[in-house]
Amino acid sequence: FIPTSLSSSCPDSQSKSTQSGGSTAVASGLGEGQRLLSRAKRGWVWNQMFVLEEFSGPDPILVGRLHTDLDVRNKSIKYVLAGEGAGTIFAIEPLTGNIHAMKRLDREEKAEYTLTAQVINAETDEPLEPPSEFIIKVQDINDNPPQFIKGPYRASVPEMSAVGTTVTQVTATDADDPVYGNSAKLVYSILEGQPYFSVDPNSATIKIALHGMDREMREEYLVVIQAKDMGGHMGGLSGTTTVTITLTDINDNPPKFSKSLYEFVIPEDLPTGKMGGKVKANDRDIGENAKSTYNILEGDEQGMFEITTDTQTQEGILRLKRPLDYESKKAYTLKVEATNIRSEPISGGPFKDTATVKIVVEDSDEPPVFSKPIYFLEVNENAPIDTVIGAVTARDPDATGSLVRYVIDRHTDLERQFNINVNDGKITLAKPLDRETDMWHNITVTATESRNHSQISRAIVAIRVMDINDNAPEFATEYEAFLCENGKPGQVIQTVSAVDKDDPIQGHYFDYRLVPEMLNNPNFTIKNNQGERLKSIEK
Ligand SMILES: *[C@@H]1O[C@H](CO)[C@@H](O)[C@H](O)[C@H]1NC(C)=O
Ligand SMILES: CC(=O)N[C@H]1CO[C@H](CO)[C@@H](O)[C@@H]1O
């Protein structure tokens with residue numbers, strides 16, 4: 001038998017038609033230009049047949065013909081077919097051996113069918129030969145377009161990348177036969193995305209095609225890549241995919257102050273550490289590349305201010321390091337600088353900017369200020385009432401200079417021993433003082449602005465009571481002395497000593513004498529003990 005392919009373009013063009021000994025294969029001549037790969041297998045010549053995929057005519061397509069050259073003489077014979085698709089896809093005409101494809105075939109679904117054919121006696125159904133195997137190959141036509149299975153794609157590349165920098169690579173696949181013809185030979189081209197990007201026609205590598213692509217101008221590009229089979233030629237099938245390309249940031253922009261001059265009014269009583277104002281240097285980069293640090297370059301010789309970066313907003317926060325005083329300095333002019341946090345910018349620097357910050361100190365209503373936090377005054381005990389002990393002074397530091405009124409905090413002077421002149425702060429005695437009762441009178445004096453009664457300050461006045469000799473000496477105890485009857489003259493009978501509540505600076509010196517009524521008694525004498533506090537009575 002000679003199965004004969006009807007395909008006009010047999011791919012096995014290099015195969016040779018052989019006629020082996022013993023077999024008498026003969027091409028049926030149905031096809032043109034076809035070659036037969038045949039080998040002897042008993043009486044059969046086996047071969048491949050070819051059938052074009054996707055063929056859809058009104059009648060079944062003739063795939064090929066089986067022919068036997070068995071000496072059948074007048075015997076009537078029949079061809080029978082078995083194997084893959086026999087009877088369903090492929091049918092054989094029993095008498096002629098013509099094989100038809102009954103269905104439309106898809107190479108991408110099944111590329112070849114293995115069948116067996118046999119010649120049998122038409123009357124007896126007896127096989128005249130053992131069955132022989134042959135293959136029907138489904139021949140590719142370009143019925144599958146290229147497909148980007150993994151698309152759509154996303155890719156990123158740093159901004160300002162050099163022309164030729166690889167961005168990404170895409171891949172299309174084609175289900176058609178990769179070895180036969182050009183049905184699966186793909187060529188890539190870029191449909192959208194020029195002049196920014198290019199694609200390599202063979203490798204589908206997408207590259208930067210334009211110099212100086214700037215993220216700050218445009219961040220995202222939609223690139224459309226086409227793959228076309230048939231080597232890209234006319235009539236090929238094509239498929240497309242999109243590649244969304246994002247430019248990533250590099251630090252190519254300096255910080256820039258939104259204003260060259262900032263003006264802040266800061267009340268002088270703003271607590272230290274509190275914000276006095278904000279500045280902002282904008283950086284068109286993003287993330288780390290947009291971070292700025294702020295410095296005060298000039299105008300803050302006393303170190304009154306500091307400026308720090310708000311990590312959320314990238315603003316420069318101006319804070320007080322030391323308290324302001326309107327009365328001593330009413331304005332500051334600072335030069336501040338914003339520096340990009342990266343030290344190595346891509347293109348030339350300097351990656352910094354400066355601005356002027358004018359600060360106007362605003363007068364605040366401040367409480368009066370005493371000339372001293374604590375006053376030490378002295379007064380003699382027993383001094384007469386209304387004696388002036390001393391004075392305190394406080395003044396309103398504000399420019400407006402309110403009058404100040406003085407009052408003694410009566411909680412600290414429960415016995416109302418002192419008075420203060422409400423206008424001039426003069427402290428006078430209200431009741432006589434006794435040093436021996438209280439040596440110190442520590443009172444609190446308040447100063448209140450007459451214009452604003454909530455502005456109050458306090459000072460301590462420590463009044464020390466000075467001693468005067470207003471107490472007589474006293475004997476510490478009653479003395480009872482004993483003396484033997486044979487006591488000798490000059491013998492010390494008893495030593496007496498006196499005490500005194502007063503406290504003279506030089507200490508006490510007591511003079512001891514016998515009372516006058518004893519002066520006529522010759523039997524006892526008393527003697528001062530040389531400045532010491534020892535006194536004696538002797539016989
Ligand atoms: C009053 O103040 C003086 C001086 O600070 C101090 O020595 C004294 O102990 C104080 N007296 C009282 C009763 O607080
Ligand atoms: C005034 C007085 O009491 N004098 C007496 C001193 O001692 C002599 C001797 O013991 C007495 O005789 C005195 O009377």
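One-based numbering, in listed order, for ligands and for the atoms of each. Count residues from 1 along the sequence. The analysis underlying the following values was restricted to heavy atoms, covering all of them including side chains, and did not include hydrogens, waters or symmetry mates.
Near Phe376, meaning under 4.0 Å from one of its heavy atoms, ligand 1 places the atoms 4 (C), 5 (O).
With hydrogens and angles disregarded, no donor-acceptor distance shorter than 3.5 Å links the side chain of Asp363 to the backbone of Tyr326.
Using cut-offs of 30° and 60° for the angle between ring planes, the Phe475 and Tyr479 rings count as perpendicular.
There is no protein heavy atom closer than 4.0 angstrom to atom 9 (O) of ligand 1.
Here Glu306 does not pair with Lys321 in a salt bridge; the nearest charged N to carboxylate O distance is not below 4.0 Å. Salt-bridge annotation for Glu220 and Arg154: present, with a side-chain N of the basic residue lying under 4.0 Å from a carboxylate O of the acidic one.
Atom 1 (C) of ligand 1 has its closest protein heavy atom at Asn442 ND2, 1.5 Å.
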